[in-house]
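Everything on this sheet refers to the single structure shown next.
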Amino acid sequence: MIQTYITMKMQSYTFQVKKLTKNTKELLMKMKIEHLLTLTQNELYTYLIDTLTLIQVSSKFLIYSKGTTESKPMLCVHLDTINTHKANLTGYKVTEDDFVTTNGLIELSKTSSLSCLGGDDRAGVWVALELIKYMEETGDYKYDIGFFLDEEIGCIGSGVFCYDRDKLTNNCYIGLDRRSTDGTDEVAVYGNDNQELIDVFVNLGYKVEAGSITDASTLSNSIIPCVNLSVGYDYEHTKDEVLHIKCMDRTLSVLKDLNLVGKEYPTDSTPYYNYNFDDGVTHRYYDSDTMFELDTLKDYLISLGEDPDEVIELAYLKTGDDYVY
Ligand SMILES: [Zn+2]
């Protein structure tokens, strides 16, 4: 399959065909971000199955893994965008006329009906596909790649994969799903970190920021560390969303150069979760026992008619969701 793909890459392309025909596949081999932005989640899902050699295919995720079985990072991207989940866009055919590219910046055209550009997370998908192309060409399979569905409605794909990930040994999860504030390079962290892993990116000029929930943090679950790298989009989930092409290229080139295969990254900080009282203050708890010892909390919950066990369990499951750095 991949041999075919490399050969096809050399051919010329036609950009008119939008259905998933052979021509469209050829078109996508070039992996122009503008083309990725025109696809629905289902079209992209079908395209990946049709094009890549995958080791796990589920209706909620697709996993690419080749080469060494040594521990290596999994790069995590999601196939849906906010547009996927907007009922008023059902049947709306996105074309390249929906986008405008000027001076390295892609944004929605004034006439587009879309809710957002969809750079979140097609920029991540683009970087992932470019890395697959790179790994196939070099034979250096230094990343596993997880393509997850329906991240925007609660990390559904990565949540399902959590129960089915034993086939792989991943030393960390690296999300390609982070905004790039005004084009900066950011590494988002989640509290269950490994400083050495964070420093890999800090030393390359990435700025540390507090993370918000994504597939990588869902998979991390306080056992395997995760970070989330900026991939160029900013003002995501709005009509003002933009995509900084330079930032996409930057994260792609950083990941091409890195080699984290075989490294060990134990989580070196205590996982914790936050709980908000109605006093508006966020309280941080490091484990359920500590939390239980705080009679004030327990009494407070009981006074509300809540079951403390149930509330604390819910709060624990929300680790990373409301993380305050
Ligand atoms: Zn996202």
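Order of listing sets the numbers, starting from 1, for every ligand and every atom in it. No experiment lies behind these values; they were computed from the predicted model shown. Side chains are part of it too, since the values below use all heavy atoms of this structure and drop only hydrogens, waters and symmetry mates.
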- Query: Using links of under 4.5 Å between side-chain heavy atoms of ILVMFWY residues, direct or through other members, which residues join L105 in one cluster?
  - Reply: Y235, V242
- Note on the structure: What lies under 2.8 Å from the Zn ion (ligand 1), restricted to protein N/O/S atoms, is H78 NE2, D120 OD1, D177 OD1, D177 OD2
Pair up each side-chain donor or acceptor in residues 257-264 with any protein partner under 3.5 Å, not counting sequence neighbours, and list the distances.
| unit_1 | atom_1 | unit_2 | atom_2 | d |
| --- | --- | --- | --- | --- |
| N259 | OD1 | V261 | N | 3.0 |

- Please confirm whether the backbone N or O of D150 pairs with a side-chain atom of Q41, one donor and one acceptor, at under 3.5 Å? yes
- Residues forming a side-chain contact (heavy atoms from CB on, under 4.5 Å) with V100, sequence neighbours excluded: T102, S109
- Query: Between D98 and Y92, is a side chain to side chain donor-acceptor pair (under 3.5 Å) present by the stated rule, with each step listed?
  - Reply: CA-CA 11 Å; D98 284 281; Y92 182 83; 2.7 Å; yes
- Message: Could you check whether S71 and Y265, counting side-chain N and O atoms only, form a donor-acceptor pair closer than 3.5 Å?
- Response: no
